[in-house]
Amino acid sequence: MNLFSDIRALVIDSLNAMVAEGVLPAGLDMSAVAVEPPRDAAHGDMATNAAMVLAKPAGLSPRMIAETLATRLGADPRVLLAEVAGPGFLNLRLAPAMWQGVVNAALMEGRDFGRSTLGKGVKVNVEFVSANPTGPMHVGHVRGAVFGDALASLLAFSGHEVTREYYINDGGAQVDVLARSAFERYREANGLSPEIREGLYPGDYLIPVGEALKEKYGDTLLDKGEQYWLADVREFATAEMMKMIRGDLAALGVTMDVYSSEKALYGTGKIESAIKALRDMGLIYEGTLEAPKGKLPEDWEEREQTLFRSTAHGDDVDRPVMKSDGSWTYFAPDIAYHFDKVQRGFDLLIDVLGADHGGYVKRLKAVVSALSGGRVPLEVKLIQLVKLWKNGEPFKMSKRAGTFVTLRDVVEQAGAEVTRFVMLTRKNDAPLDFDFDKVLEQSKDNPVFYVQYAHARVCSVIRRAAEAGIAADDATLRAADLAQLAHEAELSLAKKIAEWPRLVEIAARGQEPHRIAFYLYELASDLHALWNRGNDDASLRFVQEGNVATSQSKIALARAAGVVISAGLAILGVTPAEEMR
RNA sequence: GGCCCCGUAGCUCAGGGGAUAGAGCGGCCGCCUCCUAAGCGGCAGGUCGCAGGUUCGAAUCCUGCCGGGGUCACCA
């Protein structure tokens, strides 16, 4: 149930009736007609811009349209009052029964309240994390992982068919480095001293890999040349790293549906056929690129390369797909990978990338545009950096100094759920401060705590009711008589609850899971406010000793708020708290 | 130099065509014989970076500047 879309439908019906009556001309475009909560509650419950939007195309004064519309809307039993205001706004005040209905709907639909069919029939692929399989995940990956996962949940909640996907970069030189690093640990496991040369991965996490290699190969590789063992060790170590990464993701509460391998694109003709598809469109050619303006790379030299004409699809310059030695650039398998995603029938591709990949966006969009014939949009969500704080100071990370923070460190110190919520309290393209002290603080400075506290209070009310002998299970609350839920303070909370389905749609359309977090904070704030009103005015307490029916209507309201908090937290991947400790 | 992102209260940030621009923190003043004060209410604080343009209406869209960050061909 979405009260805003219901009322918008009523407005559109009324406008159509006015067209039928000849008050408005036929053929008006009504797509810009909106029904929204006004900024100022004094203006009513909902406002529509219909008169102002239609005035010009209809050739009528906004005032005249608004007044005729107001008369019509005012006749509907759902509308208490419709009045024209300002330049032609139409402010609506709805009957209390509408808000009571929202409370009941939240209880009836439970965690499905707010679920929509917005994305019905739309297959979406969300590719995120895609960390190189060369070591454990670090903080830099965490935000992208949390964002991608929450976005996927949000889209699923709005009716999309969602696939969560991880692209394993196991095809480049970095996995050779991994193999060599693991080999040194293998030598170490065999009692030799490892030579972790400059450029190899020094991390301890490869020690067990070295031991596992010894387990598998004994000492048989020790005297062999690299060409003998590299491929096997690479495959073994990569698999071990992916095991570790899956474990890291699981610790964060993230589960992928599909893992795709870059390496699997090589030697299978996939890259060649993707490039051929582009070549057939005349988008591949041999040529030289102009030197970039401004600071030149020191070793710049003009050379002929195989290029993708990405400028034909909105890019600034064409991009090389093949190195001068004839091997593919990183871009080539990426072309094949995105081609593969298009061929798997997705209607929308989303890539979640670090902000440092900003320069890569246009060429990816160009590829997808070309290879899907413009059918499949690619959205790239760039994730800005996370700045860590500890003891009031920025926490510097350095791989060399060994002070880089792993995902496990963060999860162990802050907890997976707190981490998830805090990472989602900022939009993806804004930098985020993550303060280890703050996120664990139990106060309203800490949004996770604040929202959890609100939910715990709802649970507390229900426990209290039980102690007072008042039935307050969901089945009872669904049948509660909500007619007495009429106080302005109570309806105000119900109105916030009514916004939830609309908010979910807006968040899903904009692919902005942070809106969920902000909404939950506001909802929690409204609940805390009502709770405190109970301090001054005993009649506003949820539990009214000795008055079962009244208590149940008030508890139903609280429970409805709790249900929405649960639903919202579920999208963010956070479990609601039953009580605070 | 090109491209991308950002610029809103002292600080950290929401809002991204609609009415008098919001929240938290910080500052000041209040609220517990009462469901968790881990909370709530109020006050103070703004030329929404600047200048044009589009529009009935611009913090929001467009253009150009200014400031900050990112990124820029045989790395992935």
Side-chain angles (χ1 to χ4, degrees), chain A residues 32 34 36 38-40 42-43 47 49 52-53 55-56 62 85-89 91 132 134 169 171-175 262 288-297 299-303 305 307 315-320 322-327 329-331 333-334 354-362 380 382 384-385 425-427 429-433 438 441-447 449-450 452-454 456-457 460-465 467-468 510 514-515 517-518 521-522 525 528-538 540-545 551 554-555 558 579-581:
Chain A
E36 302 169 320
R39 213 200 295 268
D40 186 345
H43 290 136
N49 59 356
M52 287 179 292
V53 171
K56 197 167 190 181
F89 283 103
N91 291 328
N132 284 345
T134 54
N169 291 132
Q174 78 281 5
V175 281
E262 177 193 355
T288 54
L289 289 173
E290 276 181 37
K293 301 252 186 328
K295 260 184 280 178
L296 271 185
D299 57 346
W300 171 266
E301 56 179 78
E302 198 167 271
R303 57 173 159 265
Q305 292 169 298
L307 301 168
D315 203 353
D316 310 305
V317 291
D318 293 337
R319 307 291 180 174
M322 199 177 264
K323 302 177 194 171
S324 47
D325 68 0
S327 63
T329 63
Y330 172 80
F331 188 35
D334 230 0
D356 56 344
H357 287 66
Y360 203 63
V361 173
K362 285 192 176 182
V380 180
L382 295 178
Q384 270 292 351
L385 290 179
T425 54
R426 209 103 299 174
K427 51 187 173 193
D429 48 15
L432 173 97
D433 284 344
K438 216 54 159 201
E441 199 172 294
Q442 307 253 307
S443 79
K444 67 174 176 178
D445 294 16
N446 179 355
F449 167 79
Y450 188 77
Q452 291 285 28
Y453 185 29
R457 275 183 154 170
S460 162
V461 162
I462 290 168
R463 285 193 299 267
R464 278 272 168 168
E467 286 164 20
H514 74 276
R515 285 179 186 268
F518 279 94
Y521 187 88
E522 290 168 15
S525 178
H528 288 310
L530 179 56
W531 180 286
N532 276 274
R533 295 269 307 246
N535 287 339
D536 301 329
D537 182 349
L540 284 176
R541 290 179 203 161
F542 294 107
V543 178
Q544 302 283 321
E545 301 265 352
S551 297
K554 291 173 186 298
I555 297 167
E579 57 184 326
M580 307 308 292
R581 298 165 189 272

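Below, chains carry the letters A, B, ... as their sequence lines are ordered, and counting in each starts from 1. Computed from a prediction, not measured in an experiment: that's the story for all the values here.
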Undergrad: Give A:R464 one of three labels, base, sugar-phosphate or nothing, depending on what nucleic acid heavy atoms sit under 4.0 Å from its own.
TA: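 Contact class for A:R464: sugar-phosphate only.
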Undergrad: Quick check: does any side chain N or O of A:R426 sit under 3.5 Å from a backbone N or O of A:L432, one acting as donor and the other as acceptor?
TA: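 Side chain of A:R426 to backbone of A:L432: no pair is present.
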Undergrad: Counting heavy atoms from C-beta on, name the nucleotide in B:rC56, B:rA19, B:rC34 closest to the side chain of A:R541.
TA: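 The listed nucleotide nearest to A:R541's side chain is B:rC34.
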Undergrad: Provide the distance between the two P atoms, one in B:rG49 and one in B:rC40, to the nearest whole Å.
TA: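 Between the two P atoms, the distance is 30 Å.
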Undergrad: Could you run down nucleotides 3-12 of chain B 5' to 3' and tag each one B, S or - for protein heavy-atom contact under 4.0 Å?
TA: SSSS-----S
Undergrad: Using atom P of each nucleotide, how far apart are B:rC29 and B:rG53 to the nearest Å?
TA: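 About 48 Å, rounded to a whole number of Å.
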Undergrad: Let me know the distance between CG of A:L540 and P of B:rG41, rounded to the nearest Å.
TA: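 The distance from CG of A:L540 to P of B:rG41 comes to 14 Å, rounded to the nearest Å.
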Undergrad: Name the residue closer to the 5' end of RNA chain B, choosing between A:A456 and A:L432 according to the nucleotide with the nearest heavy atom.
TA: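 Nearer the 5' end of the strand: A:L432.
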Undergrad: Taking only the C1' atom of each, what is the distance from B:rG16 to B:rC25 in whole angstrom?
TA: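 Rounded to whole Å, the distance is 24 Å.
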Undergrad: Are OP1 or OP2 of B:rA37 and a side-chain N or O of A:W531 less than 4.0 angstrom apart?
TA: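 Affirmative; the distance criterion is met.
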Undergrad: A:N169 and A:Y330: side-chain donor and acceptor closer than 3.5 Å?
TA: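 The answer is yes; a qualifying pair exists.
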Undergrad: What I want to check is whether an N or O donor and acceptor connect the side chain of A:R319 with the base of B:rA73 at under 3.5 Å.
TA: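 Answer is no: no donor-acceptor pair is held.
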Undergrad: Can you tell me how far P of B:rC13 sits from NE2 of A:H514, to the nearest Å?
TA: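 About 13 Å, once rounded to whole Å.
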Undergrad: Can you measure A:N446 atom CG to B:rC13 atom P for me and round it to whole angstrom units?
TA: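 For the pair A:N446 CG and B:rC13 P, the rounded distance is 16 Å.
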Undergrad: When you match A:Q305 and A:F542 each to their closest nucleotide on RNA chain B, which lands nearer the 5' end?
TA: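 It is A:F542 whose nearest nucleotide is closer to the 5' end.
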Undergrad: Could you check B:rC32 for me: syn (within 90° of 0) or anti?
TA: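 Classified syn.
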Undergrad: Is the backbone N or O of A:M580 less than 3.5 Å from a side-chain atom of A:Q442, with the two atoms forming a donor-acceptor pair by type?
TA: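 Side chain of A:Q442 to backbone of A:M580, a donor-acceptor pair under 3.5 Å: no, none is there.
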Undergrad: Students often get this wrong, so: under 4.0 angstrom with heavy atoms, is A:E290 touching a base, only sugar-phosphate, or nothing?
TA: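 It contacts nothing in the nucleic acid.
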Undergrad: Mind checking who B:rG7 pairs with, Watson-Crick or G-U wobble, both distances under 3.5 Å?
TA: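 With both distances under 3.5 Å, B:rG7 matches B:rC66.
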Undergrad: OP1, OP2 of B:rU36 versus side-chain N and O of A:S460: anything below 4.0 Å?
TA: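 It does, given that an N or O in the side chain of A:S460 lies less than 4.0 Å from OP1 or OP2 of B:rU36.
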Undergrad: Expressed as a whole number of Å, how far does the P atom of B:rG57 sit from that of B:rG15?
TA: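 It comes out at 26 Å once rounded to the nearest Å.
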Undergrad: Expressed as a whole number of Å, how far does the P atom of B:rA73 sit from that of B:rG67?
TA: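 One P to the other, the span is 25 Å.
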Undergrad: Write down the distance separating the P atoms in B:rC3 and B:rU63, rounded off to the nearest Å.
TA: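 Result for the P pair: 11 Å, nearest Å.
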Undergrad: Taking atom types as they are modelled, would you say the side chain of A:N91 forms a donor-acceptor pair with the base of B:rA19 within the 3.5 Å cutoff?
TA: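 Per atom types, the contact qualifies.
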Undergrad: So does A:N532 reach the base of B:rG39 with its side chain, donor to acceptor, closer than 3.5 Å?
TA: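 Indeed there is one.
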Undergrad: Take atom OH of A:Y450 and atom C1' of B:rA23, then tell me their distance rounded to the nearest Å.
TA: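 My rounded result for the distance is 10 Å.
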Undergrad: Are any side-chain N or O atoms of A:H43 and backbone N or O atoms of A:F89, one a donor and one an acceptor, separated by less than 3.5 Å?
TA: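 No, the answer is negative, given that no donor and acceptor are paired below the 3.5 Å cut-off.
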Undergrad: Quick check against the 3.5 Å criterion: does A:Q544 have a side-chain atom that pairs as donor or acceptor with the backbone of A:S551?
TA: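 The answer is no, because no donor-acceptor pair under 3.5 Å joins these two groups.
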Undergrad: Could you tell me which nucleotide pairs with B:rU47 by Watson-Crick or G-U wobble geometry, both distances under 3.5 Å, or answer none if nothing does?
TA: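 B:rU47 is unpaired by these criteria.
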Undergrad: So which nucleotide from B:rU36, B:rA76, B:rC25 ends up closest to the side chain of A:D445?
TA: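 Minimum distance to the A:D445 side chain belongs to B:rC25.
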Undergrad: Would you mind pulling out the nucleotide paired to B:rA23, Watson-Crick or G-U wobble, both distances under 3.5 Å?
TA: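 Pairing partner: B:rU12.
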Undergrad: Can any side-chain N or O of A:T288 pair as donor or acceptor with the backbone N or O of A:R303 at less than 3.5 Å?
TA: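 Looks like no, no N/O pair under 3.5 Å.
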Undergrad: Need one value for A:A355: base, sugar-phosphate or nothing, where a base atom within 4.0 Å counts as base even if backbone is also close, heavy atoms only.
TA: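 Touches sugar-phosphate only.
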Undergrad: Which part of the nucleic acid does A:E302 contact within heavy-atom distance under 4.0 Å: base, sugar-phosphate only, or nothing?
TA: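 Here A:E302 touches no strand at all.
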Undergrad: When you measure from the side chain of A:R457, which nucleotide among B:rA37, B:rU71, B:rA76 comes out closest?
TA: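 Of B:rA37, B:rU71, B:rA76, B:rA37 is nearest to the side chain of A:R457.
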Undergrad: Ignoring hydrogens and geometry, is there a side-chain-to-backbone donor-acceptor pair from A:N91 to A:A47 under 3.5 Å?
TA: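 Side chain of A:N91 to backbone of A:A47, a donor-acceptor pair under 3.5 Å: no, none is there.
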Undergrad: Between A:D40 and A:A42, is there a donor-acceptor pair closer than 3.5 Å when you use the side chain of the first and the backbone of the second?
TA: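 Yes; at least one donor-acceptor contact below 3.5 Å.
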Undergrad: What is the distance, rounded to the nearest whole Å, between atom OH of A:Y360 and atom C1' of B:rC75?
TA: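 About 11 Å, once rounded to whole Å.
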Undergrad: Could you state the atom-to-atom distance from CZ of A:F518 to P of B:rG24 in whole Å?
TA: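 Taking CZ of A:F518 and P of B:rG24, I get 12 Å after rounding.
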Undergrad: Please determine whether side-chain contact (heavy atoms from CB on, under 4.5 Å) holds for the pair A:Y450 and A:S443, giving the CA-CA distance in whole Å, both sets of side-chain angles, and the decisive distance to 0.1 Å.
TA: CA-CA 7 Å; A:Y450 188 77; A:S443 79; over 6 Å; no
Undergrad: For nucleotides B:rC50 and B:rG42, find the distance between their C1' atoms and express it as a whole number of Å.
TA: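 Rounded to whole Å, the distance is 36 Å.
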Undergrad: Counting heavy atoms from C-beta on, name the nucleotide in B:rC31, B:rA38, B:rA76 closest to the side chain of A:Q442.
TA: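 Between B:rC31, B:rA38, B:rA76, the one nearest the side chain of A:Q442 would be B:rA38.
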Undergrad: Assign the ring pair A:F449 / A:Y453 to parallel, tilted or perpendicular, where the plane angle (0 to 90°) is split at 30° and 60°.
TA: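 Parallel: the ring planes of A:F449 and A:Y453 meet at under 30°.
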Undergrad: What's the closest nucleotide to the side chain of A:A529 if the choices are B:rC25, B:rC56, B:rC40?
TA: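 Nearest nucleotide to the side chain: B:rC40.
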Undergrad: Rounded to whole Å, please give me the gap between CD in A:Q544 and P in B:rC35.
TA: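 So the CD-P distance, A:Q544 to B:rC35, works out to 13 Å.
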Undergrad: Verify whether one side chain among A:S327 and A:D325 offers a donor that lies under 3.5 Å from an acceptor in the other.
TA: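 Side chains of A:S327 and A:D325: pair found under 3.5 Å.
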Undergrad: Could you identify the nucleotide paired to B:rU71, looking across every strand shown and requiring Watson-Crick or G-U wobble geometry with both distances under 3.5 Å?
TA: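 Pairing partner: B:rG2.
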Undergrad: Please determine, for the side chain of A:D356, which listed nucleotide (B:rU71, B:rU36, B:rC31) has the closest atom?
TA: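 Selected nucleotide (nearest to the side chain): B:rU71.
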Undergrad: Rounded to whole angstrom, note down the C1' distance from B:rC32 over to B:rC48.
TA: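 Between the two C1' atoms, the distance is 40 Å.
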Undergrad: Over all strands shown, is A:A173 touching base, sugar-phosphate only, or nothing at heavy-atom distances under 4.0 angstrom?
TA: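 Here A:A173 touches the backbone only, sparing every base.
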Undergrad: Does A:V380 reach a base, just sugar-phosphate, or nothing at all? Heavy atoms under 4.0 Å.
TA: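 It contacts nothing in the nucleic acid.
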Undergrad: Answer yes or no: does a side-chain N or O of A:R515 lie under 4.0 Å from OP1 or OP2 of B:rG15?
TA: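 Yes.
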Undergrad: A:R39 CZ to B:rA14 P: how many Å, rounded?
TA: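 That distance rounds to 17 Å.
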Undergrad: With centres under 5.5 Å and planes under 30° as the test, does A:F89 stack with B:rA19?
TA: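 Yes, the aromatic ring of A:F89 stacks with the base.
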